[in-house]
K.L.:
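This is the structure I have questions about; it appears just below.
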2 protein chains.
Amino acid sequence: MVTISDIAAALGVTPSTVSRALSGSPRVKEETRLAVEQMAAEMGYERNIVASNLRKGKSDIVGVIVPRIHREFFSNVIGGAESILNAAGYSVLICQTHEEFDAEVKALRTMRNNQVAGVLMSHAIGAMDGTHVLDTLGDSIPLVQFDRVFSSLPGAKVVSNNFQGAYEATKHLVSQGYRRIGTLAGYMNSEAYAARLDGYRKALEDNGLPVDETIVFYDTIVRETGFEGGLKALEAGCDALYCAGDFCALGAIEAVRSKGLRIPEDFGIVGTANESFTALMTPTISSLALNPFEMGRQSALAFLSGEGETVVVPMELKVRDSSNRNRQLNLTHICPK
Amino acid sequence: MVTISDIAAALGVTPSTVSRALSGSPRVKEETRLAVEQMAAEMGYERNIVASNLRKGKSDIVGVIVPRIHREFFSNVIGGAESILNAAGYSVLICQTHEEFDAEVKALRTMRNNQVAGVLMSHAIGAMDGTHVLDTLGDSIPLVQFDRVFSSLPGAKVVSNNFQGAYEATKHLVSQGYRRIGTLAGYMNSEAYAARLDGYRKALEDNGLPVDETIVFYDTIVRETGFEGGLKALEAGCDALYCAGDFCALGAIEAVRSKGLRIPEDFGIVGTANESFTALMTPTISSLALNPFEMGRQSALAFLSGEGETVVVPMELKVRDSSNRNRQLNLTHICPK
DNA sequence: GATGTTTGTGCAAACGTTTGTATTATTAAA
DNA sequence: TTTAATAATACAAACGTTTGCACAAACATC
């Protein structure tokens, strides 16, 4: 491995001059810089980042902590963050917590020991509050939280606009002429789900429809509970459902079909998250898209800017066949061109 | 930040003793080790990994380079690798290449500068051979390639058993009574697709069916080309298709349906990759599953073992409704319990 | 031409750890 | 009791970079 000392020796200068030349300090003559740069290229020099980091007490590595890398949402967040960070000269160190508190603490410790320049994280379900973050990370490492955030912690936060999104989704169902719109609401211990429920309620109110608590179905997240929720909604006379997840929306669709009803003519469905399968089903499923890539970008930008503000990333309603009564089913994917 | 010198000072010993005590060297008295450990805990000491790495010339970071983090396959590979590496005390540094050669070189350089303990990688489409890897990485950093490998490069390789997998998939179609089985074969400049085609051919041969080149449809990868391929297969009198991808299988299913035929009664379909949507469609799509998580695990294990062997990860045929003539459609997902 | 100000380099310490060698304390053998 | 062996610790250099300070040369000011 060739070092700055080697370059210095080759040029008859000192390592400090080489260091300054390579880092673009104004304290070296233009001529010297050129000579150094040329020699560095010639000798195939690459700065030893580890040594540099030790000396500077900072690294160009940013830690990202997520519950699970291979969940679509998180891998997209990582992709978004990486796109910004890489361009800014940072690398990304990944840890997953598998939703466990202990693993989250361990991940934070890993980040601190590696002296990362900052940490972007989304908390494990198992983490009840944020005290462990401050304890482990100290206050010298900037923190950015995304999606699952503790407002008690300092630093920037990047979240989805769940209220507004659910409001739009519900309003869309109203605009399509559905009149008894229920919801599969998810778990209320999650802030995100609670906000979606609020948005749903507000949309009904604002559009002159009654808010009927008997057609709010809680704890419906996965396909099976979505199916059950769908059946209950039918019994309760619903003609549409805003679903706080896509898997439960899928279950609900199957429930509606099992009763011989048509979608979207007889029953409308909007899911949430824009999972990739929603665009592939027949009918395609309307979904309120999270924007994980953008959340990743915003998290990275928040880290780079160093400001501690909260960024709200809008959700986007993808109107597809399952809620679109006004036009023919979109069959372009079945019969291309 | 508390250092080993602080601990040493507090105990009236030297930093070297503290270092040895903490790393479990047999050259310190049991009594001293205990005292050091206790003091370290008391003072909240955490080893500075950067300094340690600099001195040792090695780090406990393993680099992973993939074309795109948020592709399902790769994020699962990363998840698998991380599960092994984390347990072994390593952290994972991620770079993506976006399928570009230049980005791959940059990623390799990042890895080298960070003095990673090893690199696990899958090459970008844009990389034509492996010379850049050797040039950039040198021969001191162990390399493990997975999925997209250059056999010319040294080190371990982890690949899927495409030949065997396609063989099994095709044999399965034969066993279900299909007799004119075509294939949507994909791009032949990819080793993986070529191997699948070979496996398909061999299975037909071994089962006494003719290998008919007029029902091998090339360059069919995405949904649209799959739809076209499906139509052509119907015109050619096929009653089944082995598809080298899941998206083209989806297209083929839509083509079959557009002609009013039933699946699997009139026409059988098997896809490849086990994309998550295959289990969610109606009917569910049989698919030849890659095993990305296991490939990640094997890559990490290959790195840890230091051996340069090639590991072949078996593919697994997931028999679902689209090719299963022998039993009723699997409706458990529609009507739970 | 003496004094003050830039400008460009060199010197040397520092970042926190690890590790080969030297030194001391302890024990065993003669 | 002396000597040899061993055990435990101290010493000091190293890893490669960065950076405050010192220093010299070049230039400007009066």
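In what follows, every heavy atom counts, from backbone to side chain, and hydrogens, waters and symmetry copies are set aside. Sequence lines set the chain letters: A, B, ... in the order given, protein chains first and strands last, and positions in each chain run from 1.
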K.L.:
On the 0 to 90° scale, with breaks at 30° and 60°, tag the A:His132-A:Phe150 ring pair as parallel, tilted or perpendicular.
P.N.:
perpendicular
K.L.:
Contact between A:Val149 and A:Val159 at the side-chain level, heavy atoms closer than 4.5 Å - yes or no?
P.N.:
yes
K.L.:
Can you pull out every side-chain hydrogen bond (donor to acceptor under 3.5 Å, both in side chains) where at least one residue sits in residues 150-160 of chain B? Sequence neighbours excluded, please.
P.N.:
none
K.L.:
Go through the structure and list residues passing salt bridge (charged side-chain N to carboxylate O under 4.0 Å, His left out) with B:Arg109, not counting sequence neighbours.
P.N.:
A:Glu46
K.L.:
Which residues within residues 16-25 of chain B lie with some heavy atom under 4.0 Å of an atom in DNA chain C?
P.N.:
B:Ser16, B:Ser19, B:Arg20
K.L.:
Classify the side-chain pair B:Ser23/B:Ser25 by whether it contains a donor and acceptor separated by less than 3.5 Å.
P.N.:
no
K.L.:
Walking along DNA chain D from 5' to 3', note the first and the last nucleotide with an atom under 4.0 Å from a heavy atom of chain A, and give both.
P.N.:
D:dG16 to D:dA22
K.L.:
Answer yes or no: is there a side-chain heavy-atom contact under 4.5 Å between B:Val62 and B:Val116?
P.N.:
no
K.L.:
How are the rings of B:His70 and A:Phe293 set relative to one another: parallel (under 30°), tilted (30 to 60°) or perpendicular (over 60°)?
P.N.:
perpendicular
K.L.:
Salt bridge (Lys or Arg N to Asp or Glu O under 4.0 Å): which pairs involve residues 48-72 of chain B, sequence neighbours left out?
P.N.:
B:Arg71-B:Glu99
K.L.:
Measure the spacing between CG of A:Leu54 and CD1 of B:Ile49 and express it to the nearest 0.5 Å.
P.N.:
12.5 Å
K.L.:
In which ranges does DNA chain D form stems of 3 or more consecutive Watson-Crick or G-U pairs, distances under 3.5 Å?
P.N.:
C:1-30 with D:1-30
K.L.:
Among residues at least two apart in sequence or on other chains, which ones pass side chain to side chain contact (heavy atoms under 4.5 Å, CB included) with B:Met128?
P.N.:
none
K.L.:
Can you find a heavy atom in the side chain of B:Thr3 that is under 4.5 Å from one in the side chain of B:Asp6?
P.N.:
yes
K.L.:
DNA chain D: A:Met1 or B:Val28, which has the more 5' nearest nucleotide?
P.N.:
B:Val28
K.L.:
Compute whether any side-chain donor of one residue and acceptor of the other, for B:Ser16 and B:Ser19, lie under 3.5 angstrom apart.
P.N.:
no
K.L.:
With a 4.0 Å heavy-atom cut-off, tell me which residues in residues 2-14 of chain B come close to DNA chain C, sorted by residue number.
P.N.:
B:Thr3, B:Ile4
K.L.:
Would you indicate whether the side-chain heavy atoms of A:Pro67 and A:Arg148 approach each other to under 4.5 Å?
P.N.:
yes
K.L.:
Please list, in numerical order, the residues of residues 32-55 of chain A that have a heavy atom closer than 4.0 Å to any atom of DNA chain D.
P.N.:
A:Tyr45, A:Arg47, A:Asn48, A:Ala51, A:Ser52, A:Arg55
K.L.:
Could you grab the distance from atom CD of A:Gln115 to atom CG of B:Asn48, nearest 0.5 Å is fine?
P.N.:
4.0 Å
K.L.:
Table please: side-chain donor-acceptor pairs of residues 85-93 of chain A below 3.5 Å, with sequence neighbours left out.
P.N.:
none

K.L.:
Under the rule for salt bridge (charged side-chain N to carboxylate O under 4.0 Å, His left out), what residues qualify as partners of B:Glu30, not counting sequence neighbours?
P.N.:
B:Arg33
K.L.:
Among residues 110-118 of chain A, which residues get a heavy atom nearer than 4.0 Å to DNA chain D?
P.N.:
none
K.L.:
Looking at every non-hydrogen atom in both residues, tell me the closest pair between A:Glu82 and B:Ile94 and how far apart they are.
P.N.:
OE2-O, 3.6 Å
K.L.:
Ignoring hydrogens and angles, does a donor from either the side chain of A:Arg27 or the base of C:dT9 sit under 3.5 Å from an acceptor on the other?
P.N.:
yes
